[in-house]
Amino acid sequence: MSEDLYRGAPDPEDLLERLERFVNPGRARIYRLLGMNSIEWRGAGSIVHDSTGKEFVDLCAGYAVMNAGHRHPKIVGALADCLGRMGLSTKTMLSAGEVDVAERLAGLLPGDLQMSFFSATGAEANELAMKLARVTTGRNNFVAATKGYHGMTMGCLSATAKGSYRDAFGPLLEGVVHVPFDDLHALENAVGDDTAAVILEPIQGEAGAVVPGEDYLSGVREICDRTGALLILDEVQTGMGRTGRNFACEHWNVVPDIITLAKGLGGGVFPVAATAAKPHVFEIFDENPYVHATTTGGNPLAMAAALAALDVMVEEDFASQARVKGEFVLRRLEALREQYPEVIADVRGRGLLTGIGFTNASGGLMVLSELFERGVLVIPSLMDWTVMRIPPPLNIDMEILERGMGILDDVMADLAPTIRELV
Ligand code: PLP
């Protein structure tokens, strides 16, 4: 191990203490409780080293962000090239990047999702989607799904259905109704002539990789068409090849009126989000070009990263990689479920968005913490803590993926007897 690579790294205990004092005491407590006190220091591909040189297999990709792995050379190269000539935007001159990425996206997205607005976060992308739905339809209300996650800003939080995230901040937007996911009957009853849009994840991510039935999304599209509500598909997590198609809506040949992207769109090196829509949904910008704006959205650096990320997604056929490797992961998880039925309730997912449903939340967190100790990164599900998720980089080497899954086998063998006692 070269000492130089780790020079300047802070002491983890000192960092935790400062995290507690200056950033977020609760998070410091959780890191301590789960024994997760390693500092991320170097990442390449699907491997991360902490500040002491300990190696981690990354099976979570920063909550499904590093679809291309850490610091993909082509994406880093594009960013570095751009930084060599331009940082953020003047906002007064023409900027080539945003037009290039919008045109590229229009070519890749299904149907006539032709126009794009760029921002930095998934929440911003959804916030605009909701605003556009209101102005396009002249209606106020939204229908969203139970356990859906759309971000933490006021509008998005209104669509995000978890009390513990919402309760402290009310009142939120009026007129947002939540219905069970994958229940067309409930959706049909909730959508009315005052519904501006139905907003859904095609596969729920933070709910724990919940895949709907085959007819669900086309049924939702039909209800929206019949009632004049727009369909907003939040593909912040499911987009960019993650579920085995470039965009998850393609599994069911459904074209939404508005699609939102983030996470993988920045190639794992820069925050980039997009709200893409059919041309008529963007008509408001014709009347008032600055009716919605953000100072840094669509900046040259972000767009250099996004254009390279889209190229890499296509060149390396991330969708196929996710399909093949996702089947491998699900097979291994299914074997674990058969081996430990009192501990693992179910396994689910599509492509490389996969999850293990534990019979109790403590079991999932124990496994997550022990995996961390043994050098494997996985994540919980924000909307359902009983589900531990495995959304690795899509271009992860099979050998590394097998190593990570092998360590999961070992951890389950060691912890299953204890977790069984907790049930
Ligand atoms: N929508 C979905 C489906 C997400 O999974 C997330 C984040 O996990 C968001 C929106 C919010 O994105 P951000 O955290 O970038 O605001």
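All ligand and atom numbering here is 1-based and tracks the order in the structure.
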Original post:
Looking only at heavy atoms of Lys263, does any of them come nearer than 4.0 Å to an atom of ligand 1?
Top reply: yes

Original post:
Which atoms from ligand 1 have a heavy atom of Glu201 less than 4.0 Å away?
Top reply: 3 (C)

**OP:** For the pair Glu334 and Arg337, find out whether any cationic side-chain nitrogen is under 4.0 Å from an anionic carboxylate oxygen.
**Re:** yes

Original post:
Which of the numbered atoms in ligand 1 are below 4.0 angstrom from a heavy atom of Glu206?
Top reply: 8 (O)

Subject >> Check: Tyr290 ring centre within less than 6.0 Å of Phe285 ring centre >> reply: no

Original post:
Is it the side chain (CB and beyond), the backbone, both or neither of Met152 that lies under 4.0 Å from ligand 1, heavy atoms counted?
Top reply: neither

Original post:
Less than 4.0 Å between a side-chain N and a carboxylate O, is that true for Arg42 and Asp50?
Top reply: no

**OP:** Ignoring hydrogens, tell whether any protein atom lies closer than 4.0 Å to atom 8 (O) of ligand 1; use the non-hydrogen atoms only.
**Re:** yes

Subject >> Tyr63 and ligand 1 - part of the residue with a heavy-atom distance under 4.0 Å >> reply: neither

Original post:
Is any side-chain N of the basic residue among Glu327 and Arg323 closer than 4.0 Å to the acidic one's carboxylate O?
Top reply: no

Original post:
Less than 4.0 Å between a side-chain N and a carboxylate O, is that true for Arg104 and Asp311?
Top reply: yes

**OP:** Among all protein heavy atoms, pick out the one at the shortest distance from atom 16 (O) of ligand 1; state its residue, atom name and that distance to 0.1 Å.
**Re:** Ala123 N, 2.9 Å

Original post:
If we ignore angles and hydrogens, is there a donor and acceptor under 3.5 Å between the side chains of Thr136 and His280?
Top reply: no

Original post:
Is the closest N or O pair between Asp234 and ligand 1 shorter than 3.5 Å?
Top reply: yes

**OP:** May I ask you to identify the nearest protein heavy atom to atom 12 (O) of ligand 1, giving residue, atom name and distance to one decimal place in Å?
**Re:** Gly122 CA, 3.3 Å

**OP:** Have a look at ligand 1 and work out which part of Leu382, if any, has a heavy atom under 4.0 Å from it: side chain, backbone, both or neither.
**Re:** neither

Original post:
Quick one: do Lys147 and Asp384 make a salt bridge, cutoff under 4.0 Å?
Top reply: yes

Subject >> Charged N-O contact under 4.0 Å between Glu20 and Arg32 >> reply: yes

**OP:** Give the single entry among Met383, His150, Gln237 that approaches atom 5 (O) of ligand 1 most closely by any heavy atom.
**Re:** Gln237

**OP:** May I ask you to check whether Val236 has an N/O atom sitting below 3.5 Å from an N/O atom of ligand 1?
**Re:** no

**OP:** Provide the number and element of each atom of ligand 1 under 4.0 Å from a heavy atom of Thr121.
**Re:** 15 (O), 16 (O)

**OP:** Heavy-atom contacts with Asn126 under 4.0 Å: which atoms of ligand 1 show up? List them by number with element.
**Re:** 1 (N), 10 (C)

Subject >> Mutual orientation of the aromatic rings belonging to Phe117 and His292 [parallel < 30°, tilted 30-60°, perpendicular > 60°] >> reply: perpendicular

